[in-house]
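Single-structure report; data block below.
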Amino acid sequence: MAVRLDGRVAIVTGAGSGIGAAAAIAAAGAGARLVLADIGPCEDTAQAIADLGGEAITVKTDVSRTEEVRSLVEQTVEAYGRLDCAFNNAGVEGKAEFEIHEADEEAWDRALEINLKGMWLSMKHQVPAMIEQGGGSIVNGASVAAMVGFDKNASYVASKHAVMGLTKTAALEYADRNVRVNAVCPGVVRTPFIDRFTQNSPEAEARYTEIIPMGRMADPAEVARAVVWLMAAESSYVTGHGLVLDGGLTCR
Ligand SMILES: NC(=O)c1ccc[n+]([C@@H]2O[C@H](COP(=O)([O-])OP(=O)(O)OC[C@H]3O[C@@H](n4cnc5c(N)ncnc54)[C@H](O)[C@@H]3O)[C@@H](O)[C@H]2O)c1
């Protein structure tokens with residue numbers, strides 16, 4: 001049986017690119033009405049949803065800014081009358097070149113502001129709308145960097161470990177009000193995020209794929225399917241979970 005989100009309204013942050021775009025398109029394909037939130041453009045995602053016959057609005061949002069996140073949720077409820085699901089996915093990769101003693105404070109602050117505070121702010125404003133209508137399902141964008149360390153990118157790793165702590169705490173706090181909170185923890189996914197590291201060089205790509213037991217990066221659609229499942233009733237007893245999608249990367 002296909003996983004369906006008919007009648008549901010879903011916010012996806014970072015919906016303009018990569019995993020967020022794929023998840024928004026997959027959720028629309030499953031029947032949800034979408035709110036596409038991104039600091040950058042979302043036209044391509046909106047067009048792909050329209051091509052499927054789906055419905056989406058776009059709200060330009062910087063997830064690290066309180067007023068913008070508050071307004072995102074307000075505009076969602078204004079447009080569709082409800083909020084059932086959210087994929088809090090907006091994130092930045094950090095500067096992966098320096099050890100802790102060499103790294104600059106600005107890069108640390110930026111990673112934490114967007115990857116961690118942005119996620120906290122998103123839940124802070126989404127949860128009341130969900131409780132008001134009797135429940136909902138939130139999926140946070142974590143990473144295998146929430147499970148293990150990666151050298152020379154402490155701000156990113158720290159932010160993603162914290163996202164898991166935030167996810168488990170929110171799951172505990174809202175379990176009795178029918179709001180489930182989970183996370184996805186992807187390994188290496190072929191998106192502009194990874195292209196910024198590899199610069200599309202075959203040698204640099206090989207350095208990533210050779211550490212993955214399945215020998216390849218994930219396609220964003222493979223993460224998107226997990227997000228839709230966590231949003232949907234099919235995962236009704238799952239909360240506080242970090243679903244690892246890494247081709248075996250963290251099995252070693
Ligand atoms: N690609 C990977 O290998 C990988 C692996 C594990 C986890 N992740 C996580 O998945 C998420 C999405 O990554 P991606 O690979 O799709 O990256 P991406 O760069 O393709 O997309 C990220 C999107 O987030 C948006 N964004 C950035 N800062 C924002 C802000 N302050 N407010 C709103 N939107 C903002 C960008 O404009 C962009 O559209 C990130 O949280 C990332 O940490 C990615």
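We're numbering straight along the sequence, starting at 1. Order of appearance sets the numbers: ligands from 1, and atoms from 1 within every ligand.
If you chain together ILVMFWY residues whose side-chain heavy atoms come under 4.5 Å of each other, L230 ends up grouped with V3, L5, V12, I19, I25, L34, L36, I49, L52, F87, V139, V184, V189, V223, V227, V228, W229, M231, V238, L243, L245.
Here CG of L83 is found 11.5 Å from CD of E132. Values are rounded to the nearest 0.5 Å. To the nearest 0.5 angstrom, E55 atom CD is 4.5 Å from Y80 atom OH. The distance from atom CD1 of I138 to atom CE of M119, rounded to the nearest 0.5 Å, is 11.0 Å.
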Please produce the table of protein N or O atoms sitting under 3.5 Å from N or O atoms belonging to ligand 1, one pair a line, distance to 0.1 Å.
residue	atom	partner	partner atom	Å
ligand 1	1 (N)	V189	O	3.2
ligand 1	1 (N)	T191	OG1	3.2
ligand 1	3 (O)	G187	O	3.4
ligand 1	3 (O)	V189	N	2.8
ligand 1	3 (O)	V189	O	3.4
ligand 1	15 (O)	T191	OG1	2.6
ligand 1	16 (O)	I19	N	2.8
ligand 1	19 (O)	R196	NH2	2.8
ligand 1	20 (O)	S17	OG	2.6
ligand 1	31 (N)	D62	OD1	3.0
ligand 1	32 (N)	T61	O	3.4
ligand 1	32 (N)	V63	N	3.0
ligand 1	34 (N)	I39	N	3.3
ligand 1	37 (O)	D38	OD1	2.6
ligand 1	39 (O)	D38	OD1	3.4
ligand 1	39 (O)	D38	OD2	2.6
ligand 1	41 (O)	N89	O	2.8
ligand 1	41 (O)	K160	NZ	2.9
ligand 1	43 (O)	Y156	OH	2.7
ligand 1	43 (O)	K160	NZ	3.1

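The pair E113-R110 does not count as a salt bridge, with every side-chain nitrogen at least 4.0 angstrom from each carboxylate oxygen.
Smallest separation of non-hydrogen atoms from R4 and A232: O-CB, 4.0 Å.
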